[in-house]
2 protein chains.
Amino acid sequence: MSPRTAPRPQADETRARIVDAALEALRANGIAGVSARTIARHGGFNQALIFYHFGSVEGLLVAVARRESERRSALYAPALREVTSLLELVGVARRLHDEEFSRGSVAALTQMLAGAVGSEELARGIWDALEPWTTLVRETIERLLADTPYGEALSPDDLTAAVTALFLGIELLTGLDPNGRERTPFSTMEAAAAGIDALLRPQGAATDG
Amino acid sequence: MSPRTAPRPQADETRARIVDAALEALRANGIAGVSARTIARHGGFNQALIFYHFGSVEGLLVAVARRESERRSALYAPALREVTSLLELVGVARRLHDEEFSRGSVAALTQMLAGAVGSEELARGIWDALEPWTTLVRETIERLLADTPYGEALSPDDLTAAVTALFLGIELLTGLDPNGRERTPFSTMEAAAAGIDALLRPQGAATDG
DNA sequence: GTCTATAGTCGGATAGAC
DNA sequence: GTCTATCCGACTATAGAC
(Lines give C-alpha, C1' and ligand atoms only; values in the text may rest on other atoms or scores of the structure.)
Protein backbone atom coordinates (compact mmCIF):
# COMPACT_ATOMS: atom_id res chain seq x y z
CA MET A 1 0.00 0.00 0.00
CA SER A 2 3.01 2.31 0.44
CA PRO A 3 6.44 2.33 -1.11
CA ARG A 4 9.01 0.33 0.79
CA THR A 5 11.41 3.25 1.07
CA ALA A 6 11.05 6.85 2.20
CA PRO A 7 9.28 8.79 -0.55
CA ARG A 8 11.64 10.69 -2.80
CA PRO A 9 10.85 13.40 -5.35
CA GLN A 10 10.74 11.16 -8.37
CA ALA A 11 8.62 8.55 -6.62
CA ASP A 12 6.15 11.22 -5.55
CA GLU A 13 5.88 12.37 -9.12
CA THR A 14 5.25 8.84 -10.31
CA ARG A 15 2.64 8.30 -7.62
CA ALA A 16 0.83 11.47 -8.67
CA ARG A 17 0.94 10.34 -12.28
CA ILE A 18 -0.60 7.01 -11.33
CA VAL A 19 -3.35 8.69 -9.33
CA ASP A 20 -4.10 10.97 -12.29
CA ALA A 21 -4.35 8.00 -14.60
CA ALA A 22 -6.65 6.16 -12.20
CA LEU A 23 -9.01 9.13 -12.03
CA GLU A 24 -9.06 9.37 -15.79
CA ALA A 25 -9.71 5.65 -16.16
CA LEU A 26 -12.56 5.78 -13.66
CA ARG A 27 -14.15 8.61 -15.57
CA ALA A 28 -13.73 7.00 -18.96
CA ASN A 29 -14.40 3.34 -18.22
CA GLY A 30 -16.25 3.26 -14.90
CA ILE A 31 -15.48 1.06 -11.95
CA ALA A 32 -16.42 -2.07 -13.88
CA GLY A 33 -13.90 -1.18 -16.56
CA VAL A 34 -10.92 -0.22 -14.46
CA SER A 35 -8.05 -2.59 -13.92
CA ALA A 36 -4.37 -2.23 -13.31
CA ARG A 37 -3.89 -2.66 -17.03
CA THR A 38 -6.45 -0.06 -18.21
CA ILE A 39 -5.13 2.45 -15.70
CA ALA A 40 -1.57 1.88 -16.84
CA ARG A 41 -2.68 2.34 -20.44
CA HIS A 42 -4.26 5.72 -19.58
CA GLY A 43 -1.08 6.93 -17.94
CA GLY A 44 1.40 5.34 -20.27
CA PHE A 45 3.31 3.47 -17.57
CA ASN A 46 3.81 -0.10 -16.51
CA GLN A 47 1.07 -2.07 -14.84
CA ALA A 48 3.36 -3.46 -12.13
CA LEU A 49 4.05 0.06 -10.82
CA ILE A 50 0.58 0.17 -9.31
CA PHE A 51 1.28 -2.80 -7.07
CA TYR A 52 4.68 -1.46 -6.10
CA HIS A 53 3.37 1.96 -5.07
CA PHE A 54 -0.13 1.20 -3.84
CA GLY A 55 -0.16 -2.51 -3.08
CA SER A 56 -3.34 -3.21 -5.01
CA VAL A 57 -5.78 -1.55 -7.37
CA GLU A 58 -8.13 -0.87 -4.46
CA GLY A 59 -5.31 0.77 -2.55
CA LEU A 60 -4.79 3.06 -5.52
CA LEU A 61 -8.49 3.96 -5.67
CA VAL A 62 -8.45 4.90 -1.99
CA ALA A 63 -5.45 7.14 -2.69
CA VAL A 64 -7.46 8.83 -5.45
CA ALA A 65 -10.34 9.48 -3.05
CA ARG A 66 -8.02 10.87 -0.40
CA ARG A 67 -6.14 13.22 -2.69
CA GLU A 68 -9.27 14.58 -4.33
CA SER A 69 -11.07 15.05 -1.03
CA GLU A 70 -8.18 17.02 0.44
CA ARG A 71 -7.71 19.10 -2.68
CA ARG A 72 -11.40 19.91 -2.87
CA SER A 73 -11.62 20.85 0.81
CA ALA A 74 -8.67 23.22 0.55
CA LEU A 75 -9.99 24.75 -2.67
CA TYR A 76 -13.54 25.55 -1.51
CA ALA A 77 -13.10 26.13 2.21
CA PRO A 78 -12.51 29.90 1.82
CA ALA A 79 -15.62 30.43 -0.29
CA LEU A 80 -17.78 28.23 1.94
CA ARG A 81 -16.71 30.09 5.07
CA GLU A 82 -17.98 33.35 3.59
CA VAL A 83 -21.40 32.05 2.57
CA THR A 84 -24.28 33.73 4.44
CA SER A 85 -27.41 32.67 2.53
CA LEU A 86 -28.85 29.68 0.78
CA LEU A 87 -28.54 31.48 -2.55
CA GLU A 88 -24.84 32.08 -1.96
CA LEU A 89 -24.41 28.44 -1.00
CA VAL A 90 -26.01 27.34 -4.25
CA GLY A 91 -23.67 29.75 -6.03
CA VAL A 92 -20.63 28.02 -4.58
CA ALA A 93 -22.23 24.68 -5.40
CA ARG A 94 -22.62 25.79 -8.99
CA ARG A 95 -18.98 26.80 -9.22
CA LEU A 96 -17.99 23.49 -7.65
CA HIS A 97 -20.24 21.66 -10.08
CA ASP A 98 -18.72 23.37 -13.09
CA GLU A 99 -15.14 22.86 -12.02
CA GLU A 100 -15.27 19.44 -10.45
CA PHE A 101 -17.54 17.80 -12.97
CA SER A 102 -15.34 18.88 -15.85
CA ARG A 103 -12.32 17.66 -13.94
CA GLY A 104 -14.04 14.30 -13.51
CA SER A 105 -13.56 14.10 -9.77
CA VAL A 106 -17.26 13.64 -9.05
CA ALA A 107 -17.58 10.96 -11.71
CA ALA A 108 -14.59 9.18 -10.20
CA LEU A 109 -16.12 9.40 -6.75
CA THR A 110 -19.46 7.96 -7.82
CA GLN A 111 -17.68 5.11 -9.49
CA MET A 112 -15.63 4.38 -6.39
CA LEU A 113 -18.76 4.49 -4.25
CA ALA A 114 -20.39 2.01 -6.58
CA GLY A 115 -17.33 -0.16 -6.25
CA ALA A 116 -17.45 0.09 -2.48
CA VAL A 117 -20.43 -2.25 -2.51
CA GLY A 118 -19.02 -5.64 -1.74
CA SER A 119 -15.54 -4.35 -0.93
CA GLU A 120 -15.09 -3.57 2.72
CA GLU A 121 -11.60 -2.16 2.12
CA LEU A 122 -12.83 0.29 -0.47
CA ALA A 123 -15.85 1.28 1.63
CA ARG A 124 -13.79 2.06 4.72
CA GLY A 125 -11.02 3.74 2.78
CA ILE A 126 -13.34 6.07 0.90
CA TRP A 127 -15.35 6.83 4.02
CA ASP A 128 -12.19 7.95 5.81
CA ALA A 129 -10.92 9.84 2.80
CA LEU A 130 -14.14 11.83 2.53
CA GLU A 131 -14.08 13.06 6.11
CA PRO A 132 -12.40 16.45 5.58
CA TRP A 133 -14.92 17.29 2.90
CA THR A 134 -18.07 16.20 4.76
CA THR A 135 -16.87 18.08 7.83
CA LEU A 136 -16.50 21.27 5.83
CA VAL A 137 -19.97 20.94 4.32
CA ARG A 138 -21.58 20.18 7.67
CA GLU A 139 -19.95 23.18 9.34
CA THR A 140 -21.21 25.44 6.60
CA ILE A 141 -24.75 24.12 6.88
CA GLU A 142 -24.73 24.40 10.68
CA ARG A 143 -23.66 28.01 10.44
CA LEU A 144 -26.43 28.83 7.98
CA LEU A 145 -29.07 27.02 10.02
CA ALA A 146 -28.15 28.98 13.12
CA ASP A 147 -29.40 32.12 11.34
CA THR A 148 -32.87 30.72 10.67
CA PRO A 149 -35.78 29.97 12.99
CA TYR A 150 -35.93 26.41 11.66
CA GLY A 151 -32.52 25.29 12.78
CA GLU A 152 -33.87 22.94 15.39
CA ALA A 153 -36.13 20.95 13.10
CA LEU A 154 -33.46 20.36 10.46
CA SER A 155 -30.57 18.00 11.13
CA PRO A 156 -27.24 19.24 9.74
CA ASP A 157 -26.12 15.65 9.26
CA ASP A 158 -29.18 14.90 7.17
CA LEU A 159 -28.80 18.06 5.11
CA THR A 160 -25.11 17.36 4.57
CA ALA A 161 -25.96 13.89 3.35
CA ALA A 162 -28.71 15.28 1.13
CA VAL A 163 -26.45 17.88 -0.48
CA THR A 164 -23.71 15.35 -1.08
CA ALA A 165 -26.20 12.80 -2.38
CA LEU A 166 -27.64 15.33 -4.78
CA PHE A 167 -24.25 15.93 -6.36
CA LEU A 168 -23.50 12.26 -6.72
CA GLY A 169 -26.92 11.52 -8.17
CA ILE A 170 -26.66 14.37 -10.67
CA GLU A 171 -23.41 12.89 -11.90
CA LEU A 172 -24.99 9.46 -12.34
CA LEU A 173 -27.92 10.90 -14.25
CA THR A 174 -26.09 13.36 -16.48
CA GLY A 175 -23.83 10.53 -17.52
CA LEU A 176 -26.90 8.65 -18.69
CA ASP A 177 -28.91 11.43 -20.32
CA PRO A 178 -27.93 11.78 -23.97
CA ASN A 179 -28.25 15.58 -23.59
CA GLY A 180 -27.21 15.61 -19.96
CA ARG A 181 -23.83 17.24 -20.36
CA GLU A 182 -25.38 20.39 -21.75
CA ARG A 183 -28.03 20.77 -19.08
CA THR A 184 -27.61 21.87 -15.52
CA PRO A 185 -30.26 22.11 -12.80
CA PHE A 186 -28.59 25.08 -11.15
CA SER A 187 -30.76 27.85 -12.55
CA THR A 188 -33.76 26.07 -11.03
CA MET A 189 -31.90 25.51 -7.78
CA GLU A 190 -30.93 29.17 -7.65
CA ALA A 191 -34.51 30.22 -8.24
CA ALA A 192 -35.67 27.93 -5.45
CA ALA A 193 -32.93 29.13 -3.10
CA ALA A 194 -33.73 32.78 -3.77
CA GLY A 195 -37.40 32.08 -3.06
CA ILE A 196 -36.66 30.32 0.21
CA ASP A 197 -34.23 33.02 1.28
CA ALA A 198 -36.88 35.65 0.64
CA LEU A 199 -39.54 33.71 2.51
CA LEU A 200 -37.28 33.09 5.47
CA ARG A 201 -35.89 36.54 5.95
CA PRO A 202 -38.97 38.45 7.14
CA GLN A 203 -39.68 35.77 9.73
CA GLY A 204 -36.13 35.04 10.87
CA ALA A 205 -34.22 36.76 13.65
CA ALA A 206 -32.21 39.57 12.08
CA THR A 207 -28.85 38.21 13.20
CA ASP A 208 -26.04 39.59 11.09
CA GLY A 209 -23.32 37.00 10.35
CA MET B 1 -31.28 -10.95 -26.34
CA SER B 2 -34.59 -12.83 -26.65
CA PRO B 3 -35.43 -16.50 -26.65
CA ARG B 4 -35.52 -18.07 -30.07
CA THR B 5 -39.01 -19.40 -29.61
CA ALA B 6 -42.30 -17.87 -28.51
CA PRO B 7 -42.16 -17.44 -24.70
CA ARG B 8 -43.86 -20.25 -22.84
CA PRO B 9 -44.86 -20.34 -19.17
CA GLN B 10 -41.80 -22.18 -17.96
CA ALA B 11 -39.43 -19.99 -19.92
CA ASP B 12 -41.07 -16.87 -18.47
CA GLU B 13 -40.59 -18.27 -15.01
CA THR B 14 -36.93 -18.95 -15.69
CA ARG B 15 -36.43 -15.48 -17.09
CA ALA B 16 -38.00 -13.95 -14.00
CA ARG B 17 -35.75 -16.08 -11.81
CA ILE B 18 -32.70 -14.88 -13.70
CA VAL B 19 -33.75 -11.24 -13.40
CA ASP B 20 -34.27 -11.73 -9.66
CA ALA B 21 -30.82 -13.23 -9.30
CA ALA B 22 -29.25 -10.38 -11.27
CA LEU B 23 -30.87 -7.79 -9.02
CA GLU B 24 -29.64 -9.63 -5.95
CA ALA B 25 -26.14 -9.93 -7.34
CA LEU B 26 -26.03 -6.22 -8.19
CA ARG B 27 -27.05 -5.37 -4.67
CA ALA B 28 -24.61 -7.75 -3.01
CA ASN B 29 -21.55 -7.45 -5.23
CA GLY B 30 -21.97 -4.21 -7.15
CA ILE B 31 -21.54 -3.73 -10.87
CA ALA B 32 -17.82 -4.46 -10.64
CA GLY B 33 -18.57 -7.80 -9.00
CA VAL B 34 -21.35 -9.07 -11.25
CA SER B 35 -20.71 -11.62 -13.93
CA ALA B 36 -22.72 -14.34 -15.55
CA ARG B 37 -21.18 -16.70 -13.01
CA THR B 38 -21.90 -14.70 -9.87
CA ILE B 39 -25.47 -14.09 -11.01
CA ALA B 40 -25.98 -17.77 -11.72
CA ARG B 41 -24.59 -18.58 -8.28
CA HIS B 42 -27.10 -16.23 -6.64
CA GLY B 43 -30.01 -17.87 -8.43
CA GLY B 44 -28.78 -21.44 -8.35
CA PHE B 45 -28.95 -21.97 -12.10
CA ASN B 46 -26.57 -22.50 -14.93
CA GLN B 47 -24.46 -19.67 -16.25
CA ALA B 48 -25.21 -20.45 -19.90
CA LEU B 49 -28.91 -19.73 -19.36
CA ILE B 50 -28.17 -16.03 -19.24
CA PHE B 51 -26.80 -16.01 -22.75
CA TYR B 52 -29.64 -18.14 -24.04
CA HIS B 53 -32.36 -15.91 -22.60
CA PHE B 54 -30.78 -12.46 -22.67
CA GLY B 55 -27.93 -12.68 -25.14
CA SER B 56 -25.38 -11.11 -22.85
CA VAL B 57 -24.90 -9.97 -19.28
CA GLU B 58 -25.61 -6.39 -20.33
CA GLY B 59 -28.82 -7.49 -21.99
CA LEU B 60 -29.86 -9.04 -18.70
CA LEU B 61 -29.09 -5.87 -16.79
CA VAL B 62 -31.23 -3.84 -19.16
CA ALA B 63 -34.05 -6.33 -18.56
CA VAL B 64 -33.66 -5.77 -14.82
CA ALA B 65 -33.93 -2.01 -15.29
CA ARG B 66 -37.00 -2.34 -17.48
CA ARG B 67 -38.89 -4.70 -15.20
CA GLU B 68 -38.17 -2.68 -12.06
CA SER B 69 -39.06 0.61 -13.70
CA GLU B 70 -42.41 -0.70 -14.89
CA ARG B 71 -43.20 -2.35 -11.59
CA ARG B 72 -42.34 0.80 -9.65
CA SER B 73 -44.39 3.03 -11.93
CA ALA B 74 -47.46 0.84 -11.60
CA LEU B 75 -47.03 0.55 -7.84
CA TYR B 76 -46.70 4.26 -7.00
CA ALA B 77 -48.73 5.89 -9.74
CA PRO B 78 -52.00 5.86 -7.73
CA ALA B 79 -50.42 7.47 -4.66
CA LEU B 80 -48.52 10.04 -6.72
CA ARG B 81 -51.68 11.08 -8.56
CA GLU B 82 -53.35 11.94 -5.27
CA VAL B 83 -50.53 14.06 -3.89
CA THR B 84 -51.48 17.72 -3.41
CA SER B 85 -48.65 19.18 -1.34
CA LEU B 86 -44.90 18.98 -0.99
CA LEU B 87 -45.31 17.31 2.39
CA GLU B 88 -47.49 14.61 0.88
CA LEU B 89 -44.99 14.12 -1.90
CA VAL B 90 -42.23 13.61 0.63
CA GLY B 91 -44.52 11.14 2.39
CA VAL B 92 -44.81 9.04 -0.74
CA ALA B 93 -41.09 9.38 -1.23
CA ARG B 94 -40.53 8.05 2.26
CA ARG B 95 -42.74 5.04 1.61
CA LEU B 96 -40.93 4.47 -1.68
CA HIS B 97 -37.62 4.79 0.08
CA ASP B 98 -38.52 2.24 2.73
CA GLU B 99 -39.94 -0.30 0.31
CA GLU B 100 -37.59 0.05 -2.63
CA PHE B 101 -34.36 0.36 -0.68
CA SER B 102 -35.10 -2.78 1.30
CA ARG B 103 -35.98 -4.53 -1.93
CA GLY B 104 -32.65 -3.45 -3.35
CA SER B 105 -34.05 -1.97 -6.52
CA VAL B 106 -32.46 1.44 -5.96
CA ALA B 107 -29.11 -0.14 -5.17
CA ALA B 108 -29.35 -2.18 -8.36
CA LEU B 109 -30.20 0.93 -10.35
CA THR B 110 -27.26 2.94 -9.03
CA GLN B 111 -24.96 0.08 -9.88
CA MET B 112 -26.31 -0.18 -13.39
CA LEU B 113 -25.95 3.58 -13.85
CA ALA B 114 -22.36 3.32 -12.72
CA GLY B 115 -21.87 0.53 -15.22
CA ALA B 116 -23.42 2.63 -17.97
CA VAL B 117 -20.24 4.71 -18.05
CA GLY B 118 -18.25 3.34 -20.92
CA SER B 119 -21.02 1.06 -22.15
CA GLU B 120 -23.21 2.68 -24.74
CA GLU B 121 -25.57 -0.31 -24.84
CA LEU B 122 -26.18 -0.18 -21.10
CA ALA B 123 -26.58 3.60 -21.12
CA ARG B 124 -29.20 3.60 -23.86
CA GLY B 125 -31.01 0.57 -22.49
CA ILE B 126 -31.34 1.97 -19.00
CA TRP B 127 -32.33 5.38 -20.28
CA ASP B 128 -35.18 3.84 -22.25
CA ALA B 129 -36.18 1.56 -19.40
CA LEU B 130 -36.45 4.48 -17.00
CA GLU B 131 -38.81 6.48 -19.15
CA PRO B 132 -42.15 5.39 -17.63
CA TRP B 133 -40.85 6.25 -14.19
CA THR B 134 -39.38 9.67 -15.01
CA THR B 135 -42.56 10.57 -16.88
CA LEU B 136 -44.65 9.77 -13.80
CA VAL B 137 -42.43 11.85 -11.53
CA ARG B 138 -42.38 14.80 -13.92
CA GLU B 139 -46.17 14.82 -14.27
CA THR B 140 -46.54 14.83 -10.50
CA ILE B 141 -44.14 17.72 -10.11
CA GLU B 142 -45.77 19.70 -12.90
CA ARG B 143 -49.13 19.31 -11.24
CA LEU B 144 -47.80 20.51 -7.89
CA LEU B 145 -45.98 23.45 -9.43
CA ALA B 146 -49.15 24.62 -11.12
CA ASP B 147 -50.62 25.30 -7.67
CA THR B 148 -47.81 27.62 -6.59
CA PRO B 149 -46.91 31.12 -7.71
CA TYR B 150 -43.36 29.96 -8.46
CA GLY B 151 -44.18 27.46 -11.17
CA GLU B 152 -42.66 29.56 -13.90
CA ALA B 153 -39.24 29.92 -12.31
CA LEU B 154 -38.83 26.23 -11.59
CA SER B 155 -38.26 23.75 -14.38
CA PRO B 156 -40.11 20.44 -13.94
CA ASP B 157 -37.35 18.63 -15.81
CA ASP B 158 -34.74 20.00 -13.44
CA LEU B 159 -36.78 19.15 -10.37
CA THR B 160 -37.47 15.66 -11.67
CA ALA B 161 -33.76 15.16 -12.22
CA ALA B 162 -33.02 16.55 -8.77
CA VAL B 163 -35.50 14.27 -7.00
CA THR B 164 -34.24 11.23 -8.85
CA ALA B 165 -30.63 12.21 -8.26
CA LEU B 166 -31.30 12.63 -4.57
CA PHE B 167 -32.57 9.07 -4.28
CA LEU B 168 -29.64 7.63 -6.17
CA GLY B 169 -27.13 9.61 -4.17
CA ILE B 170 -28.71 8.60 -0.87
CA GLU B 171 -28.31 5.00 -1.88
CA LEU B 172 -24.65 5.50 -2.73
CA LEU B 173 -23.97 7.23 0.57
CA THR B 174 -25.92 4.96 2.89
CA GLY B 175 -24.06 2.04 1.42
CA LEU B 176 -20.84 3.70 2.47
CA ASP B 177 -21.75 5.00 5.91
CA PRO B 178 -21.10 2.35 8.56
CA ASN B 179 -24.28 3.50 10.35
CA GLY B 180 -26.06 4.51 7.18
CA ARG B 181 -28.64 1.73 7.08
CA GLU B 182 -30.13 2.85 10.37
CA ARG B 183 -30.41 6.51 9.47
CA THR B 184 -32.83 8.17 7.13
CA PRO B 185 -32.99 11.83 6.12
CA PHE B 186 -36.76 11.80 5.78
CA SER B 187 -37.69 13.39 9.07
CA THR B 188 -35.55 16.36 8.09
CA MET B 189 -37.03 16.39 4.60
CA GLU B 190 -40.55 16.28 6.02
CA ALA B 191 -39.77 19.16 8.35
CA ALA B 192 -38.41 21.16 5.44
CA ALA B 193 -41.38 20.30 3.24
CA ALA B 194 -43.88 21.25 5.94
CA GLY B 195 -42.07 24.56 6.36
CA ILE B 196 -42.07 25.33 2.66
CA ASP B 197 -45.72 24.33 2.33
CA ALA B 198 -46.63 26.66 5.18
CA LEU B 199 -44.64 29.52 3.69
CA LEU B 200 -46.11 29.07 0.25
CA ARG B 201 -49.76 28.69 1.17
CA PRO B 202 -50.56 32.22 2.38
CA GLN B 203 -49.06 33.66 -0.80
CA GLY B 204 -50.29 31.09 -3.30
CA ALA B 205 -53.60 31.09 -5.12
CA ALA B 206 -56.04 29.05 -3.04
CA THR B 207 -56.75 26.54 -5.78
CA ASP B 208 -58.15 23.34 -4.36
CA GLY B 209 -56.93 20.21 -6.20
C1' DG C 1 -34.95 -25.35 -22.58
C1' DT C 2 -31.19 -26.63 -19.77
C1' DC C 3 -27.03 -28.83 -19.11
C1' DT C 4 -21.57 -29.84 -19.49
C1' DA C 5 -17.39 -28.73 -21.51
C1' DT C 6 -14.35 -25.80 -23.44
C1' DA C 7 -12.12 -22.04 -26.33
C1' DG C 8 -10.13 -17.82 -25.93
C1' DT C 9 -9.35 -13.47 -23.43
C1' DC C 10 -8.26 -10.60 -19.63
C1' DG C 11 -7.39 -9.73 -14.93
C1' DG C 12 -4.48 -9.46 -10.21
C1' DA C 13 -0.37 -10.23 -8.51
C1' DT C 14 4.54 -11.66 -8.11
C1' DA C 15 9.56 -12.88 -9.42
C1' DG C 16 13.44 -11.32 -10.88
C1' DA C 17 16.33 -8.68 -14.39
C1' DC C 18 18.05 -4.14 -14.89
C1' DG D 1 12.28 2.48 -8.89
C1' DT D 2 10.87 0.56 -13.16
C1' DC D 3 10.76 -2.94 -16.38
C1' DT D 4 9.68 -7.86 -18.68
C1' DA D 5 7.85 -12.24 -18.16
C1' DT D 6 4.83 -15.20 -16.19
C1' DC D 7 1.42 -17.90 -13.15
C1' DC D 8 -3.10 -18.79 -12.55
C1' DG D 9 -7.74 -17.75 -11.75
C1' DA D 10 -12.04 -15.68 -13.59
C1' DC D 11 -14.44 -14.07 -17.22
C1' DT D 12 -17.66 -14.04 -21.82
C1' DA D 13 -19.45 -16.71 -25.01
C1' DT D 14 -20.32 -20.76 -27.78
C1' DA D 15 -20.77 -25.82 -29.22
C1' DG D 16 -23.04 -29.60 -28.62
C1' DA D 17 -25.07 -33.37 -25.60
C1' DC D 18 -29.37 -34.35 -23.46
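Letters A, B, ... are given to chains in the order of the sequence lines, protein chains preceding strands, and every chain is numbered from 1.
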B/N29 and B/H42: side-chain donor and acceptor closer than 3.5 Å?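 Yes, side-chain donor-acceptor contact under 3.5 Å.
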Whole-Å distance separating the [atom1] atom of [X] from the [atom2] atom of [N]:
X: B/E58; N: D/dC11; atom1: CD; atom2: C1'; value: 14 Å
X: B/R17; N: C/dG1; atom1: CZ; atom2: P; value: 15 Å
X: A/F54; N: C/dG12; atom1: CZ; atom2: P; value: 15 Å
X: B/I50; N: C/dC3; atom1: CD1; atom2: P; value: 11 Å
X: B/D12; N: C/dG1; atom1: CG; atom2: C1'; value: 13 Å

Which ones in residues 33-46 of chain A lie close to DNA chain D, meaning a heavy atom under 4.0 Å from one of its atoms?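 Only A/R37, A/N46 qualify.
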Using atom types as modelled and distance alone, determine if a side-chain donor or acceptor of B/T110 lies under 3.5 Å from a backbone N or O of B/A107.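 Yes, B/T110 side chain to B/A107 backbone: donor-acceptor pair under 3.5 Å.
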Report yes or no: does A/R15 contribute a side-chain atom to a donor-acceptor pair with the main-chain N or O of A/H53 at less than 3.5 Å?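 Yes; judged by distance alone, with no hydrogens or angles, the pair exists.
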Identify which nucleotide among [options] has an atom closest to any side-chain atom of [X], counting heavy atoms from C-beta outward.
X: A/Q47; options: D/dC3, C/dG12, D/dA13; result: C/dG12
X: A/V57; options: D/dT2, D/dT14, C/dA13; result: C/dA13
X: B/F51; options: C/dA13, D/dA13, D/dG1; result: D/dA13
X: B/H53; options: C/dC3, C/dT2, C/dG1; result: C/dT2
X: A/L49; options: C/dA13, D/dT2, C/dT2; result: D/dT2

Do [X] and [Y] sit within salt-bridge range, that is, some charged N less than 4.0 Å from a carboxylate O?
X: B/R103; Y: B/E99; value: no
X: A/E68; Y: A/R71; value: yes
X: A/D158; Y: A/R138; value: no

side-chain N/O A/S56 vs C/dG12 OP1/OP2, d < 4.0 Å: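 It does not, given that no N or O in the side chain of A/S56 lies less than 4.0 Å from OP1 or OP2 of C/dG12.
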Once salt bridge (charged side-chain N to carboxylate O under 4.0 Å, His left out) is applied, what residue pairs with a partner in residues 83-94 of chain B remain, sequence neighbours excluded?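 Pairs touching residues 83-94 of chain B that pass the test: B/R94-B/E190.
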